[in-house]
Amino acid sequence: MPEPTIEVELPDGSRKVLAAGSTGADLAAAIGRRLAKDAVVVEVEGELVDLSRPLPDGAKVRVVVAGSDEGRQVLRHSTAHVLAQAVCALFPGARYAIGPPIADGFYYDFELPGGARFHDEDLPRIEQAMRAIVAEDQPFERAEHSVADGLEIFAAQPFKREIIEGVGALGAGDVDPELAAEAGPVVTTYRNSGSFVDLCRGPHVASTSRLGHFTLTRVAGAYWRGDEHRPQLQRIYGTAWESEEALAAHLHRLAEAERRDHRKLGAELDLFSFPDEIGSGLAVFHPKGGLVRRVMEEYSRTRHEQAGYDFVSTPHITKSQLFETSGHLDWFAEGMFPPMELDGGERYYLKPMNCPFHILIYRSRQRSYRELPMRLFEFGTVYRYEKSGVVHGLTRVRGLTQDDAHIFCARTEMREELASLLDFVLDLLGAFGLEDFYLELSTRPAGKAVGSDEEWEEATEALRSVAVAKSLDLVLDDGGGAFYGPKISVQVRDAIGRTWQMSTIQLDFQLPQRFGLEYVGADNARHRPIMIHRALFGSIERFFGVLVEHYAGAFPTWLAPVQARVLPVRDDHDASAQVLLAQLRDAGLRADCEGASEPLGARIRRGKLEKVPYLLVVGDDDVASGTVGVNVRGSDAPERGVEVAHLVARIAADAASRAVTPPIAGVDEAARA
RNA sequence: GCCCGGGUAGCUCAGUGGUAGAGCAGCGCACUCGUAAUGCGCAGGUCAGGGGUUCAAAUCCCCUCUCGGGCUCCA
């Protein structure tokens, strides 16, 4: 009589016959040795389960390997368990809360007895304890329990009990789905030693020896369930990967991000600073940073002018009434600086937004449909009272300048306006070398929202169809829009793959209503315009910071504060150097000259560190033959004997082209990438 | 705002109760040089600010400001 068997279906449609009771591990082994080694969990009918669980007959299965996104999540989750086990061993009485995998790693939240805190010095010994657990090859043993048993097991773990109680209340409808998901419909636990058991839905790797390519990175405070009114826990972050190479690559990426940090480069390249005397989150731009900023603004102005915008200017402070009418004082007050009170009791606020001012310009007289769409643009400097803990370099500040515009249009014009606007946005970002985008569309929130169904539907659909037409990835943030209108935001991937939210396009059905905006239509009746808020850079400060990081401080020639620097080899080449300098400047280029008070090598070095696109050397040969030695940024060898007029034209062409990197003679773009 | 860790010369940092230091940058002098650091010298600090403990505080304690890493939020 044959042994009983089961049959499973693999992702390629093929079928595999296995002995009854075979597990995911058995399946992987049956397919191949390499797969058996790489397997961490198995997907059964769309659900990830432990390798040790028997496979059901007839199931669709897929072996998940360590190097996949899902595999890494499992590794990280399991590593988090080991972290909790190590902490519980080293800090008796520690309570453990949750420890999920996150992008690139994991964390685990703890409450230490007596309100004790982790310190950086604790990380190495915790890591050592984790490595000991890994070396012991402890199996992760899954078990299922009733809610009552779960509460019993975790009698001394209030956070676990709270999660279990959430599971017990499933069906009551008011359970945080994330917490419920942590445990599943029944209470499952994973035990990997006599002393350590954790509440967890799983799955996990088979045993701790599967782990090991991890490191703990930092300690931080975090609120239980992210709620600042609940206890603050101690969080330990770590990163974990499938191999030493992957871990090393990740650590290298972190180092690269640090090298590009705009705060560091901002000081090194003398671009901007944050003087303590002024206050947190308030930047000053130095001459070189100010220059880059001015070029950005000038380019933006030109483009807005071409796109049919009108330029306006509005004050930085206003009486409180304006923000009462707009509603900002109702829902944005804590994001605003406190008011200045005048003798008469009148209160003035610094503006956190420009919209109400632009609205007043619209409303300054009766408007005709012939004037629409009216596009009012301003580099508007606004002030927002960010909480002290959140300010961060130029990306999160308290004083910022938006490239802000408000478009007032008829509903019939809305679709076309949005379409051209998205084109404009992507084209402008592209001009700054940001080419890799995806879009996020935030739609109508459930419950009350301002504006008619038709307006919402039409606007959302317009945004969606325009995005689809651009064949960009569109991430739906369903119900994530504000109550006053749908929104599309442009997420940009930078040179090292990080994403930043830059531009936003926001429909607003509310403010036209609150301010009673109207226009007279062709039908001689009054109509309410629709309002679009939009910022392309978002904030100039943030955009500037992102550009610094994107280019690692090496701005394209058209943006570079110093585009070319002339270096005479000796003092007696100075006259020729000055002639060259004048020619460069006559060509509209930003150039300077550094005389021979230091050796040429030192001046070359400084120019390279300052990331000047063109370093031009003038020596005996050049004086004699009207040439120059050219060092193009990014090239490892200088070009000698380049004819001056040709060189000037070449740099001017590079600047005018707004190319991302200066062209190097004899090297095409593809070869440099 | 809350938690953890910082703040010493322009920058990067050493100095843990007993006379404030180094490298780089700056300034001066010399060097006049062909592609990533020329040499010598000088100057530079209320050790973030304030209060306290002590014979004595950069160092120990308290408060404030500020920076970094997080939580939360967002442009």
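Reminder, nothing fancy here: chain letters follow the sequence lines and each chain counts from 1.
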> Relative to each other, are the rings of Phe424(A) and Tyr309(A) parallel, tilted or perpendicular (30° and 60° limits)?
Replying inline: tilted
>> Quick check on contacts: within residues 376-384 of chain A, what sits under 4.0 Å from RNA chain B by heavy-atom distance?
In response: Arg384(A)
> First and last nucleotide of RNA chain B touching chain A, 5' to 3', heavy-atom cut-off 4.0 Å?
Replying inline: G1(B) to A75(B)
>> Would you measure the distance from the C1' atom in A14(B) across to the matching atom in G23(B) and give it in whole Å?
In response: 11 Å
> Quick one: is the NZ or CZ of Arg235(A) closer than 6.0 Å to the six-membered ring centre of Tyr107(A), and within 45° of its axis?
Replying inline: yes
> Do the ring centers of His262(A) and Phe544(A) come within less than 6.0 Å of each other?
Replying inline: no
>> Once you apply a heavy-atom cut-off of 4.0 Å, does Ser597(A) come out as touching a base, just sugar-phosphate, or nothing?
In response: base
> Given the P atoms of A48(B) and C13(B), what is the spacing between them in whole Å?
Replying inline: 15 Å
> Taking the same atom, C1', in C31(B) and in A37(B), what whole-Å distance lies between them?
Replying inline: 15 Å
>> Any strand counts, and the cut-off is 3.5 Å on both contacts for Watson-Crick or G-U wobble. Which nucleotide pairs with U19(B)?
In response: none
> Gln491(A) side chain to Phe437(A) main-chain N or O, any donor-acceptor pair under 3.5 Å?
Replying inline: no
>> Between A57(B) and U16(B), how far apart are the two C1' atoms, rounded to whole Å?
In response: 11 Å
>> Would Glu639(A) and Arg650(A) count as a salt bridge (charged side-chain N to carboxylate O under 4.0 Å, His left out) here? Give the steps.
In response: CA-CA 13 Å; Glu639(A) 301 166 38; Arg650(A) 179 174 146 196; 2.9 Å; yes
> Within the side chain of Asp508(A), is there an N or O that forms a donor-acceptor pair under 3.5 Å with the backbone of Gly485(A)?
Replying inline: no
>> Give me the distance, rounded to whole Å, that separates U12(B) from C67(B) when you measure between the C1' atoms they each carry.
In response: 16 Å
>> Taking any heavy-atom pair under 4.0 Å as a contact, classify His573(A): base, sugar-phosphate, or nothing.
In response: nothing
> Given that both distances must come in under 3.5 Å, which nucleotide forms a Watson-Crick or G-U wobble pair with A48(B)?
Replying inline: U64(B)
> Are the ring centres of Phe432(A) and Phe543(A) closer than 6.0 Å?
Replying inline: yes
> In Watson-Crick or G-U wobble terms, both distances under 3.5 Å, what is the partner of C2(B)?
Replying inline: G70(B)
>> On the six-membered ring of Tyr438(A), is Arg493(A) placed so that its NZ or CZ lies under 6.0 angstrom from the centre and within 45° of the ring axis?
In response: no
>> Classify Tyr237(A) by what it touches in the nucleic acid, base, sugar-phosphate, or nothing, heavy-atom distance under 4.0 Å.
In response: sugar-phosphate
Less than 3.5 Å apart, which donor and acceptor atoms pair up between the side chains of residues 616-625 of chain A and the rest of the protein, not counting sequence neighbours?
unit_1    : atom_1 : unit_2    : atom_2 : d
Asp620(A) : OD1    : Arg570(A) : NH2    : 2.9
Asp620(A) : OD1    : His573(A) : NE2    : 2.7
Asp620(A) : OD2    : Arg570(A) : NH1    : 3.4
Asp621(A) : OD2    : Arg640(A) : NH2    : 3.3
Asp622(A) : OD1    : Thr627(A) : OG1    : 2.7
Asp622(A) : OD1    : Val628(A) : N      : 3.1
Asp622(A) : OD2    : Gly619(A) : N      : 3.0
Ser625(A) : OG     : Asp621(A) : O      : 2.6
Ser625(A) : OG     : Thr627(A) : OG1    : 3.4

>> Heavy atoms only, 4.0 Å cut-off, all strands: where does Val618(A) land among base, sugar-phosphate and nothing?
In response: nothing
>> Give me the distance, rounded to whole Å, that separates U66(B) from C47(B) when you measure between the C1' atoms they each carry.
In response: 16 Å
>> Would you measure the distance from the C1' atom in G49(B) across to the matching atom in G7(B) and give it in whole Å?
In response: 11 Å
>> Taking the nucleotide of RNA chain B with the nearest heavy atom to each, does Leu615(A) or Phe537(A) sit closer to the 5' end?
In response: Leu615(A)
>> Base, sugar-phosphate or nothing for Ser388(A)? Non-hydrogen atoms, less than 4.0 Å.
In response: base
>> Distance check, C1' atoms only: G45(B) and C4(B), in whole angstrom units.
In response: 29 Å
> Paired with G26(B): which nucleotide, if any, by Watson-Crick or G-U wobble criteria at under 3.5 Å for both distances?
Replying inline: C42(B)
>> Using a heavy-atom cut-off of 4.0 Å across all strands, would you classify Gly601(A) as base, sugar-phosphate, or nothing?
In response: sugar-phosphate
> His328(A) vs Trp331(A) aromatic rings, parallel, tilted or perpendicular, using cut-offs 30° and 60°?
Replying inline: tilted
